[in-house]
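Here the structure is laid out as structure tokens; the discussion comes afterwards.
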Amino acid sequence: MPRLFLYLLGFLVFVVSASAWGDDLITSRAVFEDKSGTLKIDDVTHADFQPTGELLAKGYTNSAHWIRVQVRAPKVSADKNNSLLELRIRPTFLDEVILYEADPLHAGRWISHATGDTQSYLQRERPAATPGFVVSMPAQEATYYLRLKTTSSSLMNVEALTPIEARTKDIRLDLFQALYLGFMLWILFWAANDYVVNRQPIVGLFLIYQSIYSLYAVAIMGYIAFLLPHAPVGFFDKITSTLICLAPLASLTLHRILFSLFAPPRRVLYMLDGLIVMGLLVMTMLMFGYVRQALHLNALIILLAAPTFVGLAFTSRTNAPPGLLVIRSIYSLQALSLLISMLPLLGLVRATEWNLQATLVHGFISAFLMFLLLHLRSRALNQQAKQNELDLALTRQHLSLEQTQKQQQERFVSMLIHELKTPMSVIGLELAAPKPTEASKRRIEEALQDMNAVVEHCQQADQLERQQLVMRATPCRIEELLDEVIFTSGVQQRFSIQTDHLPMLTTDRQLLRVTLNNLVSNAIKYAAKESIIDIRAMPHLRAKQSGVLVVISNQPGAAGLPDPDKVFNKYYRSPGAHRKTGSGLGLYLVKSYMALLGGEVAYNVVDHYVEFSIWLPC
């Protein structure tokens with residue numbers, strides 16, 4: 001963004017330097033207003049001319065203005081009888097300018113030349129976008145008369161230059177205008193890209209406005225005549241007048257939509273609506289041939305737009321992106337630029353050389369400020385959209401977590417009801433028997449143990465998820481824990497244990513005992529009936545770190561083989577395992593505890609045997 005401000009400053013400096021440069025050979029200028037527009041050159045030569053400045057600024061009028069200029073010969077060619085000079089006329093959109101120079105062969109007679117945008121480009125004496133005349137200096141000083149009659153503002157500057165100086169100024173002007181159009185096209189491409197990416201209607205309207213204004217700039221620079229040299233007479237004048245009136249209408253429509261986003265008072269917004277209606281009236285007047293009246297009204301609309309925009313900016317109440325401070329600052333600068341450029345066109349203030357480019361400079365500033373406003377707005381909306389996406393993602397994540405928790409609660413309740421129903425049924429049946437036996441007492445005890453195991457697993461899983469487990473690392477021997485777990489299983493005869501010389505472990509003894517107990521209980525429950533369960537414990541090096549590997553293998557029973565992708569999932573039980581009471585939490589706890597202890601757990605099927613293995617670092 002700072003580079004753009006530097007570009008803007010450099011552009012304005014270039015405009016000032018381009019306007020001030022040059023060696024004009026005109027020694028005096030005077031003007032006479034022909035209100036009827038019917039006087040001839042012979043009548044005007046005796047008229048009362050009034051001195052005028054370098055720039056004629058008489059506003060919109062039906063009068064014809066005669067400018068008398070006194071021209072001196074260039075110093076380098078003062079001794080020559082015939083020195084060619086060029087009278088360079090600006091701006092380019094004047095309808096008709098007629099030059100009268102004394103006929104050197106017939107005293108009292110005048111030779112006339114005509115130029116303007118009502119004439120074909122091929123008929124111009126100067127092959128340049130800037131119209132003008134080529135004259136021959138008969139002596140060291142000469143007097144020329146120029147008659148200006150135009151439907152546009154009677155704003156005109158005439159310079160007398162040598163051909164070299166005139167070409168040099170044309171090149172400088174072309175360079176300035178090329179830079180200007182390049183900047184306008186850059187903003188146009190930005191708007192097109194931003195609209196394609198973000199699809200903001202306000203940027204789409206700005207894209208339309210910028211396209212119209214770029215064509216308008218091409219027209220008032222005089223390049224349409226250059227690009228279409230064979231166009232019919234009057235075509236340039238019509239197309240230029242149309243674009244001059246269409247550009248403000250497009251601008252008013254754009255600002256009307258933009259201001260509606262900031263909710264200004266309706267009565268102030270109605271003022272802008274009134275200007276838009278007046279803009280439509282201007283286009284209608286133009287269509288029916290009231291060109292001068294339409295252009296005059298169009299200029300008044302542009303002038304009234306400046307305070308209207310400022311009023312809307314300072315009465316708006318909604319702080320929409322990019323913020324009220326930004327739009328108030330931008331519209332204040334835009335209004336100042338607008339007044340500077342329009343007041344001379346209406347003839348309300350004295351014009352200077354710089355005012356010839358003031359319209360383009362205002363367009364440059366206005367386009368830059370609108371780009372800045374919309375760029376800041378797009379950036380703010382993008383940031384807001386990203387924040388909204390982040391908030392939406394967080395909301396979805398929370399909903400997903402809540403849904404997952406709800407599903408887990410439903411699964412937990414379903415599991416609890418299902419798994420406790422069987423032992424409770426066993427207890428109920430045994431208690432309903434007329435006389436309890438030792439076998440019935442044993443079945444009741446087994447049922448109570450199953451219920452206790454389910455509740456215990458649920459409690460351990462809850463502590464794990466609430467992160468309430470406190471790690472207490474102490475030295476322990478894994479072979480001693482295996483002996484304890486097998487002893488409490490009640491089926492010591494089913495185990496075959498092989499242990500090598502195992503190193504001492506430093507870990508949480510209670511969590512490791514629960515892990516081994518879950519693996520042993522799982523093997524007892526799902527191994528083939530009366531089959532032997534093998535346990536092997538040995539030192540094992542993994543990733544260059546020493547540790548202990550414990551492998552528990554058994555022949556699968558009626559429940560079959562679990563799914564290797566789901567075996568450690570919470571609440572998972574293979575289809576054949578539902579005939580036995582269980583929570584589906586045992587192996588889930590094994591994997592979770594091993595992660596806490598810094599170990600690893602694995603499940604494999606080797607030679608039709610189910611193997612669960614854990615590895616712990618020393």
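All of these numbers come straight from a predicted model, not from anything done at the bench. Note that these values count all heavy atoms, side chains included, but never hydrogens, waters or copies made by symmetry. All residue numbers in this chain count up from 1 along the given sequence.
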| message | Strictly distance-based, threshold 3.5 Å: is any side-chain N or O of S531 a donor or acceptor partner for the main-chain N or O of A528? | response | yes
| field | Audit row: F371, F183, ring pair (Phe, Tyr, Trp, His ring centres under 6.0 Å) steps and yes/no | value | CA-CA 11 Å; F371 155 74; F183 180 80; 7.6 Å; no
| message | Looking at T515 and L511, would you say the former's side chain and the latter's main chain have a donor-acceptor pair under 3.5 Å? | response | yes
| Just wondering, do I301 and L252 contact through their side chains at under 4.5 Å, heavy atoms? | yes
| said: With heavy-atom distances below 4.5 Å as the criterion, would you say the side chains of R379 and L376 are in contact? | reply: yes
| field | Nearest atoms (heavy-atom pairs only) where A191 meets F206 | value | CB-CD2, 3.8 Å
| request: Please answer whether the main-chain N or O of P321 pairs with a side-chain N or O of R377 as donor and acceptor at a distance below 3.5 Å. | output: yes
| message | Could you walk me through whether Q210 and L207 satisfy the side-chain contact (heavy atoms from CB on, under 4.5 Å) test, starting with their C-alpha distance in whole Å, then the side-chain angles of each, then the deciding distance to 0.1 Å, before giving a yes or no? | response | CA-CA 5 Å; Q210 191 66 12; L207 176 62; 5.8 Å; no
| request: Decide side chain to side chain donor-acceptor pair (under 3.5 Å) for S366 and Q334; before the verdict, give the C-alpha distance in whole Å, the side-chain angles of both, and the deciding distance to 0.1 Å. | output: CA-CA 6 Å; S366 178; Q334 191 180 56; 2.7 Å; yes
| said: Quick one, L254 and I202 - any side-chain contact, counting heavy atoms below 4.5 Å? | reply: yes
| request: Please say whether the positively charged group of R199, taken as NZ for Lys or CZ for Arg, lies over the ring of Y195, i.e. under 6.0 angstrom from the six-membered ring centre and within 45 degrees of the axis. | output: yes
| query | To the nearest 0.5 Å, what is the distance between NZ (K525) and CG (N554)? | reply | 13.0 Å
| task | Quick one: pull up OG1 in T474 and CD in Q510 and give me the separation to the nearest 0.5 Å. | result | 10.5 Å
| said: Using a strict threshold of under 4.0 Å (side-chain N to carboxylate O), is an ion pair present between R494 and E530? | reply: no
| Flag if over 12 foreign heavy atoms under 6.0 Å of CZ, R542 | yes
| request: Measure the shortest side-chain to side-chain distance between V551 and F612 over non-hydrogen atoms and say whether it is less than 4.5 angstrom. | output: no
| field | Side chains of H540 and W615 in contact at under 4.5 Å (non-hydrogen atoms) | value | yes
| request: Assert yes or no for the condition that the ring centre distance of F487 to F495 is strictly below 6.0 Å. | output: no
| query | Under 3.5 Å, is there a donor-acceptor pair between the side chain of N198 and the main chain of Q200? | reply | no
| field | Minimum-distance pair of heavy atoms, taken over all atoms of V310 and S332 | value | CG2-CA, 4.3 Å
| field | side-chain contact (heavy atoms from CB on, under 4.5 Å) assessment of T315 paired with F259 | value | CA-CA 10 Å; T315 57; F259 276 118; over 6 Å; no
| Quick one: are L181 and M221 in side-chain contact, heavy atoms under 4.5 Å? | yes
| request: Evaluate the ring planes of F364 and F368, with Trp represented by its six-membered ring, and classify them as parallel (under 30°), tilted (30 to 60°) or perpendicular (over 60°). | output: parallel
| said: Just to verify, what does D483 make a side-chain hydrogen bond (donor to acceptor under 3.5 Å, both in side chains) with, not counting sequence neighbours? | reply: none
| Where the side chain of D194 meets the backbone of W190, is there a donor-acceptor pair that is under 3.5 Å apart? | no
| remark: Residues pairing under salt bridge (Lys or Arg N to Asp or Glu O under 4.0 Å) where one sits in residues 604-618, two or more places apart or in two chains, turn out to be R536-E611
| note | Rounded to the nearest 0.5 angstrom, the CD1-OG distance for I208 and S251 is 13.0 Å
| task | Taking the side chain as every heavy atom from C-beta outward, state whether C618 and M504 have any pair of such atoms under 4.5 Å apart. | result | no
| field | Atom CZ of R472 with >12 non-hydrogen neighbours under 6.0 angstrom | value | no
| field | Donor-acceptor pair between N518 and Y588 side chains, under 3.5 angstrom | value | no
| note | When rounded to the nearest 0.5 Å, the distance separating CD1 of I187 from OH of Y209 is 9.5 Å
| message | I need the minimum non-hydrogen distance between P322 and L373, along with the two atoms involved. | response | CG-O, 3.7 Å
| How many angstroms lie between CD1 in I533 and CG in L519, if you round to the nearest 0.5 Å? | 11.0 Å
| task | May I ask you to decide if the ring planes of Y180 and Y213 are parallel, tilted or perpendicular, using 30° and 60° as cut-offs? | result | tilted
| request: Show your reasoning for whether side-chain contact (heavy atoms from CB on, under 4.5 Å) applies to N522 and V590. | output: CA-CA 11 Å; N522 185 76; V590 168; over 6 Å; no
| field | Min side-chain heavy-atom separation L280-L249 under 4.5 Å | value | yes
| field | Where P617 and L597 come nearest, the two heavy atoms and their spacing | value | CD-O, 4.4 Å
| field | Lys/Arg-Asp/Glu bridge criterion (N-O < 4.0 Å) met for E484, R509 | value | yes
| request: Taking all heavy atoms of L275 and all of A305, pick out the closest pair and write down the distance. | output: CD1-CA, 3.8 Å
| request: For the pair S378 (side chain) and H375 (backbone), establish whether a donor and an acceptor sit closer than 3.5 Å, ignoring hydrogens and angles. | output: no
| Is there a side-chain contact (heavy atoms from CB on, under 4.5 Å) between I614 and L512 once you walk through the steps? | CA-CA 10 Å; I614 61 171; L512 181 55; 4.3 Å; yes
| field | Gap between atom CD1 of I552 and atom CD1 of I497 - 0.5 Å precision | value | 9.5 Å
| query | For the residue pair L243 and A219, what are the closest heavy atoms and their distance? | reply | CD1-CB, 3.8 Å
| Can you list the residues that meet the side-chain hydrogen bond (donor to acceptor under 3.5 Å, both in side chains) rule with Y603, with sequence neighbours excluded? | none
